[in-house]
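Everything below concerns the one structure shown next.
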Number of protein chains: 2
Amino acid sequence: MNDPTRESPLTTPQPPPRRATITDVAREAGTGKTSISRYLNGETSVLSAELRARIEAAIARLDYQPNQMARGLKRGRNRLIGMLLADLTNPYTVEVLQGVEAACHALGLMPLICHAANEVEMERRYLQLLTTYRVEGVIVNALGVREETLRPVGGGGIPAVLVDRSVDGLVADMVGLDNRAAAELGTRHLLEQGFDDIWFVVQPFEQVSSRQLREVAFRDAMRAQSAARGHTLVLDLADAADVERGLAKLDRAIDAAGGDGDAAKATGAANTANTANTANTANTTNAAPAANPCHPTPSSRIALFAANAPVALRLALHLKARYGADWQARVALLSIDDPDWAELAGITTIRQPTYDIGYRAVEFLHERIEGVQTTARDCLLPGELIVRASTSR
Amino acid sequence: MNDPTRESPLTTPQPPPRRATITDVAREAGTGKTSISRYLNGETSVLSAELRARIEAAIARLDYQPNQMARGLKRGRNRLIGMLLADLTNPYTVEVLQGVEAACHALGLMPLICHAANEVEMERRYLQLLTTYRVEGVIVNALGVREETLRPVGGGGIPAVLVDRSVDGLVADMVGLDNRAAAELGTRHLLEQGFDDIWFVVQPFEQVSSRQLREVAFRDAMRAQSAARGHTLVLDLADAADVERGLAKLDRAIDAAGGDGDAAKATGAANTANTANTANTANTTNAAPAANPCHPTPSSRIALFAANAPVALRLALHLKARYGADWQARVALLSIDDPDWAELAGITTIRQPTYDIGYRAVEFLHERIEGVQTTARDCLLPGELIVRASTSR
DNA sequence: CTGTTAGCGCTTTCAG
DNA sequence: CTGAAAGCGCTAACAG
């Protein structure tokens, strides 16, 4: 059932054909390898028109294509760069990739894309593998690298530029969102819209600098507006039980904030949903409003600020399950990252200049590969607030 | 503004350090290169324990890592395979990629991922580039390849396996969704739910076999149920004007199908939305119900069947814009592909076994690389219907 | 302008 | 068991 393999008509077997080599071409053109090499490398001015023509013909006749590996071996550079991705599942990553590809294309580089799938161990292995292929540099959307194989600016190892996140103790070029400004932008927007009870929801900080920066900036921005209350909720999306617990906490806050009187119905829904999952359900049950001194005025307006798209999606799914299709009437949601479904769901977002981030990263790396010796650079690009229904009425 | 580049403290310049070579290791271990090579290749039984120990030590001391390029050059195989992707923006692609990566990992292959971004020209270039790097095989999620560089089973060129779509006149292994079964599954579901006016919406067929297969299967399935009417709408997502036109057509059908009496309001909304765009607006204006003989009974129940996720998203966005948040009360929507937002939007889907598709593709390719000579295989995996609110009530 | 000669880092006969 | 030598396909001096 997992392998409905069918057969279709056969063709005659045939050994893998040997590709023509530079020697073949030389023979075919009645000349030496050197001339071929020169032709290949565009030292065109140094070749008689006649010879050039013969070479051209020979190449065409043999359908010759120079072997990059061999060239790389000799030259010491193979035009390969590594692109280490933490999570391809995050639309952010794919978008950055587009920029990376465009830049590589423009600079004659070939990106070797590696997907660590959020596993530090994979990341380590891939980094290892990349050096084994002698990539000339790496762009790292790091998970938890503390690698010696990477080259701090001016140090040994292989040139690296960081994307989105910096790595503790690794002095390297880095390009990403201006997290502080972005978080401020979002917070201010929420405040301006009159929300006075804001929850910043973020994945475990771990080594991920951007998460930390966003959270700190959020807290700072909240402090400015003393009338409003700010909270931080850490949600480990990889841990169902933890998510459960966190969402329950959120539910309590939302219920406490009050709103239209159908709290009873909502609570009922939550119970059905939760019982199916973990033992933590107990926590969730007492979702009655105002039971907690932390959430005083039943009239406060509550908003959720997701640190990135994966978090936002998780939140939206939960809210919809708990409060129904009309959940946005109950809670506001704003997210950093602007996934394609944000428009459909009508969620306010802060869009990152993803393409530019990727493009810039490659440019930096290219410079380093070419030997640029400047001090480490940080390129912080601004995010753009896209207001949608979820935070405005 | 596009380059807020900042500087940070400097470290002492330093030339890119030479990596240790096999010769270095040999010297360090006081032996010949041959033994090192043997050690590297696990011909462990042929080495005295003593020598092996010395080699181990030397390798560790020098932090030696064999150069894959050089090995590849000598051996004639570099463990690289190409992965040619039509559109990374499509979640389907990313999911397939996960399977590919897992399989590569398991088989000791390294995937070179290339993104053609829906441009046939890019595809051609990348294919060229891949052969230049002497990849041992390619997995192709084709756009419009008619390449001679690819090896038809039993022919010359480089071994290839197709994913999702077959290529005209290229006899090769292929793995993908069982499109016929999937389209039938969807159509039958819609029919069972009582929809009797079904629109299959698909991107231009071009070379993409899966689109064709799905559409044909849809028509066949509709024919079985003579009471219902089936239509096919081709929507070129890359062409705004074409999309406009297609959606207008859809709007007319939907309005004709009738439903709750707020057609006036809906039409108004459509006009506002459209005028901003193209000259084609004229078509859209006369959205009055029953103006068209094709859509007779105002009481018919209409459903949209999207051929894939990108189409579904486009449709959903439009419907929401035109009929408001409650659009699902007006039209049913079902889609092949199960993107993450489907759950949030409550859209019924047919989920493809993407991971398995990717995994299987690599397995096929690996077999070909290892010289398997069987006739071309088709591996058609079944889709799974996931019923959500959009088609049930 | 053009060809000869060494290797790049590694594997692989083929003799010790 | 171990090592010397000959290349893999290509580039880069270094002569002609």
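Please read all numbers here as calculations on a predicted model, not as lab measurements.
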Those residues that, when tested against A:Arg54, pass salt bridge (charged side-chain N to carboxylate O under 4.0 Å, His left out) (two or more places apart): A:Glu50
Report, one line per pair, each donor and acceptor closer than 3.5 Å where one atom sits in a side chain of residues 160-172 of chain B; sequence neighbours left out.
from: B:Asp164; atom 1: OD2; to: B:Ser210; atom 2: OG; distance (Å): 3.1
from: B:Arg165; atom 1: NH1; to: B:Ala142; atom 2: O; distance (Å): 2.6
from: B:Ser166; atom 1: OG; to: B:Ser209; atom 2: OG; distance (Å): 3.3

Whole angstrom value for the distance that separates P of D:dC1 from CZ of B:Arg52: 10 Å
Contact under 4.0 Å: B:Tyr64 side-chain N or O vs C:dC10 OP1/OP2: yes
Test item: side-chain donor near acceptor, B:Gln68 and A:Thr132, under 3.5 Å: no
DNA chain D contacts among residues 25-32 of chain A, heavy-atom distance under 4.0 Å: none
Expected output: side-chain A:Thr93 to main-chain A:Asp87 donor-acceptor under 3.5 Å: yes
Nucleotide nearest B:Ile22 when distance is taken to its side chain, options C:dC10, C:dT12, D:dG9: C:dC10
Partners meeting salt bridge (charged side-chain N to carboxylate O under 4.0 Å, His left out) with B:Glu363 (sequence neighbours left out): B:Arg360
Residues within residues 65-74 of chain A bordering DNA chain C, heavy-atom distance below 4.0 Å: A:Leu73, A:Lys74
Separation of C:dG9 P from A:Arg77 CZ (nearest whole Å): 16 Å
Touch class at under 4.0 angstrom, heavy-atom based, for B:Ser37 against every strand present: base
Helical bend (five base pairs per end, nearest 10°) for the helix from C:dC1-D:dG16 to C:dG16-D:dC1: 40°
Sequence-distant partners of A:Tyr39, side chain to side chain contact (heavy atoms under 4.5 Å, CB included), two or more places apart: A:Leu47, A:Arg52, A:Ile55, A:Glu56, A:Ile59
Nearest-Å distance for atom pair OH/P, residues A:Tyr39 and D:dC10: 15 Å
Any donor-acceptor pair under 3.5 Å from B:Glu28 side chain to B:Ala58 backbone: no
Counterpart residues, salt bridge (charged side-chain N to carboxylate O under 4.0 Å, His left out), relative to B:Asp24 (two or more places apart): B:Arg27
N/O donor-acceptor pair under 3.5 Å between A:Asp63 side chain and A:Ala20 backbone: no
Touch class at under 4.0 angstrom, heavy-atom based, for A:Ile36 against every strand present: nothing
Partners meeting side chain to side chain contact (heavy atoms under 4.5 Å, CB included) with B:Leu84 (sequence neighbours left out): B:Cys114, B:Glu123, B:Tyr126, B:Leu127, B:Val140
Below 4.0 Å: OP1/OP2 of D:dT2 and any side-chain N or O of B:Ser48: yes
Selected nucleotide, minimal atom distance to A:Ser35 side chain, candidates C:dT11, D:dT11, C:dG3: C:dG3
Under 3.5 Å: donor-acceptor pair, side chain of B:Ser48, backbone of B:Leu51: yes
B:His115 (side chain) donor-acceptor with B:Leu88 (main chain) under 3.5 angstrom: yes
Interatomic distance where CZ belongs to A:Arg134 and P belongs to D:dC10 [whole Å]: 21 Å
Nucleotide C:dT5, atom P - distance to NZ of A:Lys33 in whole Å: 11 Å
Polar atom pairs between nucleotides 13-16 of chain C and protein, under 3.5 Å, N or O only, would you list them?
none

Non-neighbouring partners of B:Val372 that pass side chain to side chain contact (heavy atoms under 4.5 Å, CB included), sequence neighbours left out: B:Glu367, B:Arg368, B:Thr374
Spacing of B:Asn41 atom CG relative to C:dG9 atom C1', expressed in whole Å: 13 Å
Gap between atoms CZ and P, on B:Arg19 and C:dC8 respectively (whole Å): 17 Å
Partners meeting side chain to side chain contact (heavy atoms under 4.5 Å, CB included) with A:Ala53 (sequence neighbours left out): none
d(CZ, B:Arg75; C1', D:dG7) in whole Å: 16 Å
